[in-house]
Structures are given as C-alpha cells and as structure tokens.
Amino acid sequence: MNKLKCFLFILAGIVSSCTARSKSDRSVKFEQYYVEGEQLYLTHCSNCHQQSGEGLGLLYPPLNHSDYMENNLERIICLIKNGKAGELIVNGKIYNQPMPGVASLTDLEIAEIATYIYNSWDHEKGIIDLKMVTATLTECANNME
C-alpha cells in the first residue's frame, strides 16, 4: 500500500509539473508585470479601449486584433506616456480622436501595461522589458524636442 501511495504521489507531481510547463513557461517577473499591467490598464486605458481591448466604435481603436499595435511596439510605448493627436489608421479604419498620454506613469508601469496588452487577447509577445521601455521613452523625448 505504501508503494502505491508513493507511486501515485510521484505520478501526480509529474503530471502537475508537465501541465504547468505546457500551460505556460512564464517567469515570476512576467507574471508580476502582467498582473500589475492589468490593473494599470483597467485604471488608465480601459475606459476608451474597453476591458476587452475591442475599442469603442470609430472613436477609439481596438488593441485586440490591431495591425497598428502588432507593428508599432515602440510607438505604442510612446503613446502610453505622451499621447497622440491626429489620425491613426488601425485595421484600415481611420481614428481621429486625441489620445491623452499618462505622463505620471513610470517607465516600469509602462513596461507593465505593455506586457499586459501585448500578452492579452490574441497577443503573445512575452515580457516587455523595462530597459527597452526606458530606451524607447528616451528616444521619444528626444524626438519631441
């Protein structure tokens, strides 16, 4: 009986280990960024882009199923911090509603939001690293001067 219990315990450990790995190879850091990013997104972004990332009609563009987002990671990082005025074409549709930036967000908070939006819905980009966000934001600031 003890051998059977031991075997079942080991088998359960192997199965749960394999399940966890196949489900996600995400690091603790990634999970922290993602969870924090979700809260920041809900606070600062979801009012316009919606919790589902589907946007709001032709007023605010979608983040889910977004060709612009897929092809413009650095611009998205700049938009989160600095906002944007003027036309934006997403999935062939024109959006012309100003997007206010959130200048009070730290580089880390922007990395967390980016990690969340780039790994939600249909996206699987992995962690958006703080160093890359800081370098991108420095470049944005230099281009705005």
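Remember, it's a predicted structure, so these values are computed and weren't measured experimentally.
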Query raised in the report: Is a salt bridge present between K93 and D67, judged by a nitrogen-to-oxygen distance below 4.0 Å?
Result: no
**Report entry** Over all atoms of both residues, closest heavy-atom pair of D129 and K29
**Finding:** OD1-NZ, 3.8 Å
Query - K81 (side chain) donor-acceptor with A103 (main chain) under 3.5 angstrom - result: yes
Query raised in the report: Should we count CG of N96 as having more than 12 external heavy atoms under 6.0 Å?
Result: yes
Report summary line: Heavy-atom nearest pair, L73 first then K125, reads CD2-CE, 4.2 Å
Query raised in the report: Does the side chain of I117 come within less than 4.5 Å of I128's, by heavy atoms?
Result: no
Report summary line: From the list I76, I127, I113, side-chain contact (heavy atoms from CB on, under 4.5 Å) partner of Y118 resolves to I76
Query raised in the report: Who are the side chain to side chain contact (heavy atoms under 4.5 Å, CB included) partners of S46, not counting sequence neighbours?
Result: Y41, L42
Query - Selection residues 65-110 - residue pairs positive for ring pair (Phe, Tyr, Trp, His ring centres under 6.0 Å), sequence neighbours left out - result: none
Query - Side-chain donor-acceptor pair present, H44, E109, cut-off under 3.5 Å - result: no
Report task. Give, for atom CD of E38 and atom OG1 of T43, the distance between the pair rounded to the nearest 0.5 Å. Result -> 10.5 Å
Query - Gap separating the CD1 atom of I77 from the CD atom of E139, nearest 0.5 angstrom - result: 12.5 Å
Report summary line: Rounding to 0.5 Å, atoms CE (M69) and NE2 (H49) come to a distance of 10.0 Å
Query raised in the report: Which heavy atom of S66 sits nearest a heavy atom of V90, and at what distance?
Result: OG-CG1, 3.5 Å
Query raised in the report: Are L56 and C48 close enough that some pair of their side-chain heavy atoms sits under 4.5 Å apart?
Result: no
**Report entry** side chain to side chain donor-acceptor pair (under 3.5 Å) against E54, all qualifying residues, sequence neighbours excluded
**Finding:** N64
**Report entry** Minimum heavy-atom distance A111-Y33, with the two atoms named
**Finding:** CB-CE2, 3.8 Å
Query raised in the report: Would the number of heavy atoms belonging to other residues, nucleotides or ligands and lying under 6.0 Å from CD of E70 be above 12?
Result: yes
Query raised in the report: So, for H123 and L63, which heavy atoms are closest and what is the spacing to 0.1 Å?
Result: NE2-O, 2.8 Å
Query - Pairwise disulfide (SG to SG under 2.5 Å) hits with a residue in residues 54-128, at least two apart - result: C78-C140
Query raised in the report: Taking only residues two or more places apart in sequence or in another chain, which ones pass side chain to side chain contact (heavy atoms under 4.5 Å, CB included) with S120?
Result: Y34, Y116
Check: residues 131-138 side-chain donor-acceptor pairs under 3.5 Å, at least two apart:
{"residue": "T134", "atom": "OG1", "partner": "D107", "partner atom": "OD2", "Å": "2.9"}
{"residue": "T134", "atom": "OG1", "partner": "L130", "partner atom": "O", "Å": "3.1"}
{"residue": "T136", "atom": "OG1", "partner": "M132", "partner atom": "O", "Å": "2.8"}
{"residue": "T138", "atom": "OG1", "partner": "T134", "partner atom": "O", "Å": "2.9"}

**Report entry** Separation between CG of L88 and CZ of R75, rounded to the nearest 0.5 Å
**Finding:** 9.0 Å
**Report entry** ILVMFWY cluster, V35 and L108 together (side-chain gap under 4.5 Å)
**Finding:** no
